[in-house]
Amino acid sequence: RGTMADAAAHAVDVLVACADEDARCIVGAVLRHAGWRVCEIADPATVLAAARATRPLLVVTSYPTPVAAECTITDTLRRAPDTAALPILN
């Protein structure tokens, strides 16, 4: 989960980026129930801005259609210096 300093430095713990509303809500609910602070994003075009604004400890992405969206999100986050080190779970 990170240290107290990590938690204080981040607006949210996990950024959940998923186009499927049901899946996004379920993942978000499970994480919140476990005590994590969660930000949910539906639009893949806004993930980089959301990651910069919320400074999460982890990004969880799931864009099953098209698969390319997931690669684009990961690539975009990896290319940006301020988000390059974020752990990403696809």
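Atom set for the values below is all heavy atoms of this structure, side chains included, hydrogens, waters and symmetry mates excluded.
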Quiz item: Yes or no on side-chain contact (heavy atoms from CB on, under 4.5 Å) for L77 and T74, after CA distance, side-chain angles and deciding distance?
Solution: CA-CA 5 Å; L77 290 169; T74 301; 6.0 Å; no
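- Proximity of P56 to V59: side-chain heavy atoms (C-beta onward) are separated by under 4.5 Å at one or more points.
- For A49, there are no side chain to side chain contact (heavy atoms under 4.5 Å, CB included) partners at least two apart in sequence or on another chain.
- Of the candidates L58, V27, I26, V30, V27 is the only one forming a side chain to side chain contact (heavy atoms under 4.5 Å, CB included) with V16.
- For the atom pair SG of C18 and CD1 of I73, the computed distance is 9.5 Å after rounding to the nearest 0.5 Å.
- For D13 (side chain) and R37 (main-chain N/O), a donor-acceptor pair under 3.5 Å exists by modelled atom type.
- Note that the CG atom of L31 and the SG atom of C39 stand 12.0 Å from one another [nearest 0.5 Å].
- When all heavy atoms of A42 and R24 are compared, the closest pair comes out as CB-NH1, 3.3 Å.
- L57 has its side chain out of reach of V14: every pair of non-hydrogen atoms, C-beta onward, lies at least 4.5 Å apart.
- One distance of note links CZ of R52 with OG1 of T46; it measures 12.5 Å at 0.5 Å rounding.
- The distance from atom CD1 of I88 to atom CG of L15, rounded to the nearest 0.5 Å, is 10.0 Å.
- Applying the side chain to side chain donor-acceptor pair (under 3.5 Å) criterion to R78, with sequence neighbours excluded, gives no partner residue.
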